[in-house]
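Right, one structure below, let's go through it.
So you know, we letter chains A, B, ... as the sequences are listed, proteins then strands, and number each from 1.
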Protein chains: 2
Amino acid sequence: MVTQSEENYLKAIYHLVKQGSSVVSTNAIAKKIHTKASSVTDMLKKLADKELVDYKKYQGVCLTKKGKIIAANVIRKHRLWEVFLVEKLKFSWDEVHDIAEQLEHIKSEKLINEIDAFLEFPSHDPHGDPIPDRHGNIVKNNSVNLLEIKIGDEGVLAHVKDSSDIFLKYLNKNNLALGYKIKVIDIEPFDSSIKIEVKAKQIVISKNVAKNLFINI
Amino acid sequence: MVTQSEENYLKAIYHLVKQGSSVVSTNAIAKKIHTKASSVTDMLKKLADKELVDYKKYQGVCLTKKGKIIAANVIRKHRLWEVFLVEKLKFSWDEVHDIAEQLEHIKSEKLINEIDAFLEFPSHDPHGDPIPDRHGNIVKNNSVNLLEIKIGDEGVLAHVKDSSDIFLKYLNKNNLALGYKIKVIDIEPFDSSIKIEVKAKQIVISKNVAKNLFINI
DNA sequence: ATAGTTTTTTAGTCTTCCCTAAAAAAATAT
DNA sequence: ATATTTTTTTAGGGAAGACTAAAAAACTAT
């Protein structure tokens, strides 16, 4: 049996590996799940005993095959529940994260597969993140970041990297949502801010915002 | 903050009070939640400190107003989730209990109220148990037990007391479900077994089964 | 290369919730 | 009324998962 806490560590490692090097540091995990490095070390030993991670002292950590499947499954549940909350209940995309953090730990294969079917097998969650299938396979995201784009390029907003409440509220306020067509009007060399056109309106977004937006060209 | 374990104790006390005397014994709670009497004593002290139960050593325990509201809320969540699983996903009434045991601890007022609305404010769960409203109020059940009934009486199956997997499977096998019309054909004085008519078929049920069936006349 | 800094681990504690064993109180039986 | 049984509580301890403080290892910079 994998505990809730163990699932959270596996998930954190999974995400950190995905967005960076092949091995994850103790500190990085501690930061990610708001705990102390010493707690992380404790847990890594436990996960290593269970053969869910490959861990050697001072050498960082990565997931084993078994660990990766469990992590992907937790992420699958998280994202499916998010879709459920937004599509079937009246939640907006900035409200679902904390609830999905709880729901992702509900243990029942059948439940999550029924939810999947009930939602008609969505491929992405409300933030544009791909949903792993029941074997832990996940589609590659080939959307491109707004910072890597030239004036005149256009595409459809497909993914937001930062799913924090505050960032999603910013997007709401500026009428930016997944699926909207975005055209790059101008890029300011001084601060890398970008003027874009969305729904026939032009707005300027900072480099920091652009960093978190991805479009399909 | 009320922990999951505390919620389970409050729920157990709520159920035991409902079906019996005004005060609940340590042993009764231990039996209900499959733990030891000493663990129960520990927890009762903690709940008493939080003013969720009235507890005096050796005197049994009952819920305070605050405790009762929390317990009713957990039960509300449990039953609404059961309705969701049966009505919206493809679960049968004998599969939902264990999953609802997990889901009942998800913390979000908004979530459960949205679920309630999504289900169009059901009044009863799949086993015929009434669903408390968001203030913890619960309608009185005025269905009558099959053992208290005379030959010739008839009514609609409204409630099953035992929600165990094995009992519900027995009902499935014998084509008994909530909402079905039942007529009492004969009562055998020797063993109190009852011959009933359901859906134009006659079956004999034991006293033990009858004890768990309630109908609206 | 070595001194200083940062990261990681170890050692020891705390809280929650469970347990066993023994003591104390209450209930029951003779 | 007292002996026996049952119930409940206390005492002490274990596992999980967090923490602080200190030690050890690994980096970094001169």
Side-chain heavy atoms of A:L16 within contact of A:I13, under 4.5 Å: no
Sorted by number, the residues of residues 23-31 of chain A with heavy-atom contact under 4.0 Å to DNA chain C: A:S25, A:T26, A:N27
Sequence-aligned protein contact record of nucleotides 18-23 of chain D, with B where the base is within under 4.0 Å of a protein heavy atom and S where only the sugar-phosphate is: SBBB--
B:D54 CG to B:L44 CG distance, which is reported to the nearest 0.5 Å: 11.5 Å
Rounded distance [0.5 Å steps], CD in A:E95 versus NZ in A:K90: 12.5 Å
Note, B:V209 side chain near B:S206 side chain (heavy atom, < 4.5 Å): yes
Short side-chain N/O contact to C:dA26 OP1/OP2 from B:K57, under 4.0 Å: no
Any residue meeting side chain to side chain donor-acceptor pair (under 3.5 Å) with B:D162, in chain and number order, not counting sequence neighbours: B:S164
A:V86 vs A:S92 side-chain heavy atoms within contact, under 4.5 Å: no
B:I112 vs B:R134 side-chain heavy atoms within contact, under 4.5 Å: no
Spacing of B:Q59 atom CD relative to C:dA24 atom C1', expressed in whole Å: 14 Å
Atom-to-atom span, CD of A:E6 to C1' of D:dA15 - whole angstrom: 12 Å
Reported NZ-to-NZ distance for the pair B:K211 and B:K207, which is rounded to 0.5 angstrom: 8.0 Å
Whole-Å distance separating the CG atom of A:L44 from the C1' atom of C:dT7: 13 Å
